[in-house]
Each structure stands twice: as structure tokens, then as C-alpha cells.
Amino acid sequence: MTIFSHTLNFDNLVDLLLVPASIVLAALTVGIIADRLIRRYIDHHLAVEESTWKYVFIRSMQGVPIFFSFIIGLYWAIDAVEISPTLTKLLSYLLFTSNVFSITRVLARTVDGVVTMYFERSGRNLPKTTLLNNILIGVIYAMGLLVILQYYGISIAPILTAAGVGGMAVALALQEMLANIFSGLHLILSKQLRIGDYIRLGSGEEGRVTDITWRFTAIIPLGAGNTVVIPNKTIAGANITNFSLPTLNINISVPVGVAYDSDLATVERVTIETAKEVLARVDDNPNAEPLVRYTDFGDSSINFNVILPSSMFDNQGIIKHEFIKALTDRYRTEGIDIPYPIRTIIQENAEAAENNPQGTAS
């Protein structure tokens, strides 16, 4: 009798678990098939460009059909068996939480991808800012948490009120940190400072912006491997020269002087030819048009500036280096003299000046 009872209980347990397990397995199988069919249809029939928000949303939805099918299967499995109302309610809470978390995750991934796409559309393949992405993702997950609490029957009004009062206290205690956060947001949203821009502060620091976080902005100086970390509040209140706005192109000025007996037309022609050759070779900018502008009569030379247009701020060092070498060799070949600075000093003898006011000694 005992053995029969154990067998009966085991059979009942198998029957109790077999139906829910079959439902969950069937729902999971349907989800996998649906996910593959949707993905295949998108790849072959739906033309979506990678640089659009639709593509970002579709990428964020990968795996969601499988998850939702699994959740639906669990709902059906719970309804198919007789369990206590308390356990049923607990499982319902867990399933609802999973659904909200899944939707929130899709929204967060979509927003993160759209923000990244926005920075990539700025004309360069720029890394995304840590600050803006983290704030937006944090807001989305906070909204999802409030929805879950509301479903649990927990009133969110006292929570929001407490958060407001507590937020004021926290704001007073963390003024420095909040100032950096809002300064960072201002720098990003004003579009006067972007990731990848080369900037120079009024205090002398300069470098290419690599990231804007909640507290600081990281820059790397030209030709250096070390990162300079500057608080966002300092940058927001400083005078900034942005060498990447409104365009990436810059003009490099190189001062040159030639002897007074030089043929200036020949000097201009030779200088421009040399500049074009250097720019085409170093800057990969064959359409650049360098200029020569004579400026003044110096003590021992006629001075002028050579204006070299460059496609990037970073190239100015190598352009100057190669241009000075090439121009020196070309001037020597053409017989154009770059004179040494010469000064003639005349010293008057005080005694001779008194005896012979019209005479001078050199």
C-alpha cells in the first residue's frame, strides 16, 4: 500500500510538472523560430540603412521574441497548474518585472545607439561621450523601476517627494560634483565642444578631447601620450579656442625672409611650388592653394609669410618640418639667398663730439 502510494504521488508529480514544462518548451521553441524568421526577413527583404534609428532599434530587439515567448509560456504554465494564490501572485510579480526590465533594456540600448550614431554623423568616427549616455540610460532605468513599484502597489508619490527633499540636501552637500555634471551637459548640448576637437584653454592647457564624463573632460596634447584631466566647471568658465570649429581646416603661417637683391616674382613662384609639393605629400591635400604675402622690409631681408592650408590641426608640426627642409634645399638650388641677420652699430665718442660736433667715429 505504501509503495502504491509513493508511485501515485510520483505519477501525480510527473503529471503536475509535465504540462507546464511542455508549455514552456513549446513557447520557447516558437520564440526561437520567430526570432530567426524575423531576422531572416529583415536581412533579405527590409532595406534599412545602418545609420538610421530604425536599424538601431532592430539591433536592440535581437533576442526579444525569444524572451517574450518564454514569458508567455510561463504565464500559461502557471494557469495550467493549481498552486496557491500567494505563489501565483509572486510569480506574476516576477514575470511582470522581467517584462518591464526587457522593455527598458531595449529602450536603453536604442537610446544609446542613437546617441552614438549622432556623434558618428558629425563627420568623423568619434567616440561617444560617457556622460550623456550614462544620464539617459539612468533615466530610462529609473522610469522602469517606478513602473514596477507602481505595479507592486507601492505609491511612488511619497518616494518622489522624499527624493525631492533628499535631492535638495544632496545638492547642497555635492555642489562641486553637480556643477561639474551640469557644466559637462552644457558643453555637450551647446555643441561648442565635441569629442575629437582640438582645444586650447586660456590657462594654457591644450589637447584633443577624448571624453566628457560626469566630473571631468579628458584631453590629450598633440604629440603626447598622457591624458590631461580638467574639471568640467573649469572648462565651462574658461576662454576656449577650438581649432576644429567651424571646420577642421587650418592655415599654418611660416615666416620667411630673402635677400634684398632677390627677384620677388621668382621667390613667390618657387615658394608656392615647394609648398604645394609638401602639402600633397604630407597632408594628402593636393588641392590646397598656399599663399605668399610679403609683410615688411626687415633689417637684412624682405620678409613674408607662407600660408599653408592643412586638413587637420595635428598635421601642422610635420608640415612645418618638411616645408622648411624642402624650401631651404630649393632656395639653394635656385640661388635664392636667405641672409643672416646683420646690424650695424655706430658708437659716438663723447669727447670727439664736444670738440667736433659734425664728426663721428664709427
Side-chain angles (χ1 to χ4, degrees), residues 50-53 55-57 59-60 104-144 167 170-250 310-317:
E50 293 187 6
S51 58
T52 60
W53 69 269
Y55 177 81
V56 175
F57 178 73
R59 294 281 296 179
S60 302
T104 304
R105 182 170 175 267
V106 170
L107 291 176
R109 292 172 63 182
T110 302
V111 170
D112 182 65
V114 170
V115 172
T116 303
M117 180 183 65
Y118 171 79
F119 283 101
E120 290 176 349
R121 280 183 174 179
S122 61
R124 291 164 290 170
N125 188 17
L126 302 179
K128 60 186 178 181
T129 56
T130 303
L131 175 62
L132 187 58
N133 286 69
N134 288 346
I135 289 178
L136 293 176
I137 293 174
V139 169
I140 292 173
Y141 277 107
M143 293 173 62
V170 172
L172 293 174
L174 303 176
Q175 294 184 41
E176 189 75 17
M177 185 183 71
L178 292 176
N180 285 319
I181 291 176
F182 286 107
S183 296
L185 283 175
H186 170 72
L187 292 173
I188 296 171
L189 298 178
S190 65
K191 299 180 182 180
Q192 297 301 311
L193 186 64
R194 305 167 302 178
I195 302 298
D197 288 353
Y198 196 95
I199 63 171
R200 177 183 295 156
L201 303 184
S203 54
E205 295 91 347
E206 66 176 72
R208 188 166 300 283
V209 180
T210 58
D211 196 9
I212 302 176
T213 68
W214 61 272
R215 191 180 68 85
F216 60 82
T217 297
I219 65 174
I220 297 181
L222 183 65
N226 300 324
T227 299
V228 179
V229 176
I230 305 173
N232 293 331
K233 186 178 70 172
T234 302
I235 294 183
N239 295 326
I240 302 176
T241 302
N242 193 331
F243 294 97
S244 302
L245 287 176
T247 64
L248 293 176
N249 299 325
I250 66 166
S310 174
S311 60
M312 283 192 67
F313 182 87
D314 305 59
N315 294 340
Q316 60 176 322

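The first residue in the sequence is number 1, and the count goes up from there.
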Problem - Side-chain heavy atoms of Pro221 within contact of Val228, under 4.5 Å - result: yes
Practice task
May I ask you to decide if Tyr141's main-chain N or O and Thr104's side chain share a donor-acceptor pair within less than 3.5 Å?
Solution key: no
Handout entry: Sequence-distant partners of Glu206, side chain to side chain donor-acceptor pair (under 3.5 Å), two or more places apart
Key = Tyr198, Arg200
Fill in the blank from the handout: Hits for side chain to side chain donor-acceptor pair (under 3.5 Å) against Thr241, two or more places apart or cross-chain, chain-then-number order -> none
Between [atom1] of [X] and [atom2] of [Y], what distance do you get to the nearest 0.5 Å?
| X | Y | atom1 | atom2 | value |
| --- | --- | --- | --- | --- |
| Phe216 | Lys233 | CZ | NZ | 16.0 Å |
| Ile137 | Arg105 | CD1 | CZ | 11.5 Å |
| Ile230 | Arg215 | CD1 | CZ | 12.0 Å |

Problem - For Ile240, side chain to side chain contact (heavy atoms under 4.5 Å, CB included) partners two or more places apart - result: Ile199, Leu201, Ile235
Exercise for the section: Could you check Val209 against Leu193 for side-chain contact (heavy atoms from CB on, under 4.5 Å), going step by step and ending with a plain yes or no? Expected result: CA-CA 8 Å; Val209 180; Leu193 186 64; 3.8 Å; yes
Problem - Pair Thr217, Asn232: side-chain N/O donor-acceptor within cut-off below 3.5 Å - result: yes
Practice task
Heavy atoms only: give me the nearest Ser310-Asn315 pair and the separation to one decimal.
Solution key: OG-CB, 3.6 Å
